[in-house]
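What follows is a single structure, written as structure tokens, with notes after it.
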Amino acid sequence: MLQVSVLRDNTELVLAGLAKKHYKTAEADVSAILTLDQRRKDLQTAHDSAQAEANELARQIGGLMKSGDKAGAETLKARTSELKQQTKAHADELAQVEEALQQTLYKLPNLPHSSVPEGRVAADNEVVREGGTKPELPANALPHWDLIKKYDIIDFELGNKITGAGFPVYKKQGARLQRALINFFLDQARDAGYDEVQPPILVNEASGYGTGQLPDKEGQMYHDKQDNLYLIPTSEVPITNLYRDEIVAADQLPIRNTGYTPCFRREAGSWGADVRGLNRLHQFDKVEIVQITQPENSYAALDGMVAHIEGLLQKLELPYRILRLCGGDMGFTSALTFDLEVWSAAQGRWLEVSSASNFETYQANRLKLRYRGENGKTQLLHTLNGSALALPRIVAALLENNQTEDGIQLPEVLHSYCGFSKIG
């Protein structure tokens, strides 16, 4: 959530940033926020003034009663009664204005970093660098959805039977490969200095608002209405919310956490070849890395996170590329995002497997996540997160890129984790 002070003091820069994100109602919403904020200040001043006058009159009434001036005391009591009505009216309107202000602030996306390129769609994203070598497959190479049937390692029909489309059943070597990848990613994160946590996969509404999934992505989340809990779309949500309403000691920074969870996304309206097989699921496994740090260190932290994720792809021997997302393709809460994609040889296309983002103070402002600086004042922290990594498309690329006539040869780094070197 953007800070009102930023909107008030840097209105033109805010409007330019929102324009880069192609936010259509920027001028109207920013104007409404500034008007509501001024009304909030006026009401607070009037409320405090009336309250102060009432307190002073209460002191005077006591003195008049002691001196026997009952008529004077009654006059002041009448004025006190008027002031009480005023303060109640002010308090009622103030609550309404503050709620309207909060809801309008929730509508505004984060401002993009100055390095974010212009653009509306994925084709406008900037390729930062590529790595690895694309494999040359034989003419009869199979896409992963045929390979999983051939080797009987993932079953979409069974998942559809027990739950529905987009909920596959992993079995035999497929199940072991899933577990191997999760353990490999967690071990790599631990070796890179991240502390492992295992958070809940259901979160309350406050957590959804804290990291910006609500109200922006409400339609994409599975919601239990009876208990008003949400299945997480990413472990970013519970891990970052561990620090909601906290003032973190400076010597505890940076905070670096990692966690594995299943993730759940409704992906309403998704269909076609781009979502076939493992390309897009309603439930999938993912290891996340999260950092919380001082503002001056956050972009170095983001570079480090991207390098960590890139290292995972190199160890998996997958061809990859790194993209800097343009304003129109960025997430609602992000100031700067790098996507990492792997080459799917049988499909002949790039598949996104990770996003690493710096949210600057946007999430921290919602979370009331602060630290106390050297001057003793509390300041908002910066939050960051990245997928390290999401499994489904990694598995798709591993299967397709490493297929041979004699089975699927897995990268050496996974052999000890899987307990086998080849599928088939």
Side-chain angles (χ1 to χ4, degrees), residues 1-11 14 25-66 69-110 203-216 218 225 227-230 241 243-247 333 361-370 372 376-381:
M1 183 169 64
L2 298 177
Q3 298 168 265
V4 176
S5 60
V6 173
L7 273 67
R8 182 177 58 248
D9 298 340
N10 302 280
T11 305
V14 168
T25 59
E27 290 193 17
D29 288 345
V30 169
S31 176
I33 287 168
L34 296 179
T35 299
L36 286 166
D37 184 54
Q38 186 59 52
R39 180 57 180 162
R40 178 189 64 80
K41 290 179 179 179
D42 293 344
L43 284 168
Q44 189 67 61
T45 299
H47 177 275
D48 293 347
S49 176
Q51 187 68 57
E53 184 181 349
N55 292 338
E56 174 61 23
L57 291 180
R59 186 187 65 79
Q60 294 179 20
I61 288 170
L64 292 172
M65 293 295 289
K66 285 182 181 180
D69 186 357
K70 293 183 178 180
E74 289 301 321
T75 299
L76 294 187
K77 284 182 180 180
R79 174 58 180 162
T80 300
S81 179
E82 292 176 2
L83 289 170
K84 285 183 178 179
Q85 292 178 2
Q86 289 180 20
T87 55
K88 183 180 183 308
H90 290 149
D92 290 345
E93 186 179 353
L94 185 61
Q96 295 174 4
V97 168
E98 288 178 337
E99 177 63 18
L101 176 60
Q102 187 84 346
Q103 292 304 318
T104 311
L105 281 167
Y106 280 146
K107 292 170 59 179
L108 294 183
N110 199 1
V203 294
N204 55 29
E205 193 171 69
S207 294
Y209 274 94
T211 45
Q213 280 68 35
L214 296 176
D216 178 55
E218 189 167 11
K225 294 182 180 179
D227 294 316
N228 196 26
L229 296 174
Y230 293 84
N241 271 279
Y243 305 95
R244 175 158 43 92
D245 297 321
E246 296 285 338
I247 298 176
T333 54
T361 61
Y362 190 88
Q363 290 182 334
N365 193 30
R366 290 183 175 217
L367 294 159
K368 295 181 174 61
L369 170 55
R370 297 155 290 167
R372 200 175 299 279
K377 294 182 179 180
T378 58
Q379 303 173 48
L380 290 173
L381 286 158

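None of these values were measured; they are calculated from a predicted model.
Checking Asp29 against Thr25 by side-chain atom types alone, a donor-acceptor pair falls below 3.5 Å.
Here CG of Leu381 is found 10.0 Å from CG of Leu367. Values are rounded to the nearest 0.5 Å. Taking NZ of Lys225 as the start and CG of Asp227 as the end, the distance is 13.5 Å to the nearest 0.5 Å. A distance of 7.5 Å separates OG1 in Thr361 from CG in Leu2, rounded to the nearest 0.5 Å. With rounding to the nearest 0.5 angstrom, the NE2 atom of His47 is 11.0 Å from the CD atom of Gln86. Between atom OG1 of residue Thr80 and atom CD of residue Gln60 there is a gap of 9.0 Å, rounded to the nearest 0.5 Å. Atom CD1 of Ile247 and atom CZ of Arg372 lie 5.0 Å apart (nearest 0.5 Å).
Under the side-chain hydrogen bond (donor to acceptor under 3.5 Å, both in side chains) criterion, Lys88 pairs with Asp92, sequence neighbours left out. Every residue two or more places apart in sequence or in another chain was checked for a side-chain hydrogen bond (donor to acceptor under 3.5 Å, both in side chains) with Tyr209, and none qualifies.
Checked by atom type and distance alone, the side chain of Asp69 never pairs as donor or acceptor with a backbone atom of Leu64 at under 3.5 Å. A donor-acceptor pair under 3.5 Å links the side-chain atoms of Thr75 to the main chain of Ala71, judged by distance alone. Although no hydrogens or angles enter the test, the distance criterion places a donor-acceptor pair under 3.5 Å between the side chain of Thr35 and the main chain of Ser31. Asn110 places no side-chain N or O within donor-acceptor distance of the main-chain N or O of Tyr362, the cut-off being under 3.5 Å.
Within the 4.5 Å cutoff, no side-chain heavy atoms of Leu369 are placed close to those of Gln363.
Between Ala50 and Thr87, the shortest heavy-atom distance links the atoms CB-CG2, 3.5 Å. Closest approach of Asn204 and Leu229 over heavy atoms only: CA-CD2, 3.8 Å. Nearest heavy-atom pair, Met1 versus Arg366, reported as atom, atom and distance to 0.1 Å: CB-CG, 3.3 Å.
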Residue pair Leu57, Leu83: steps toward the side-chain contact (heavy atoms from CB on, under 4.5 Å) verdict = CA-CA 10 Å; Leu57 291 180; Leu83 289 170; 3.7 Å; yes

Anything under 3.5 Å between a donor and an acceptor, one on a side chain of residues 96-103, the other on a protein residue two or more places apart or in another chain? List them.
from	atom 1	to	atom 2	distance (Å)
Glu99	OE2	Gln103	NE2	3.0
Gln102	NE2	Tyr106	OH	3.1

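Here the options are Leu36, Val30, Asp37, the test is side-chain contact (heavy atoms from CB on, under 4.5 Å), and the partner is Leu34; only Val30 passes. Applying the side-chain contact (heavy atoms from CB on, under 4.5 Å) test between Val14 and each of Leu108, Val6, Asp9 identifies Val6 as the sole match. The only member of Gln38, Arg40, Arg39 that meets side-chain hydrogen bond (donor to acceptor under 3.5 Å, both in side chains) when paired with Asp42 is Gln38.
For Gln3, the CD atom is densely surrounded, since the number of other residues' heavy atoms within 6.0 Å is greater than 12.
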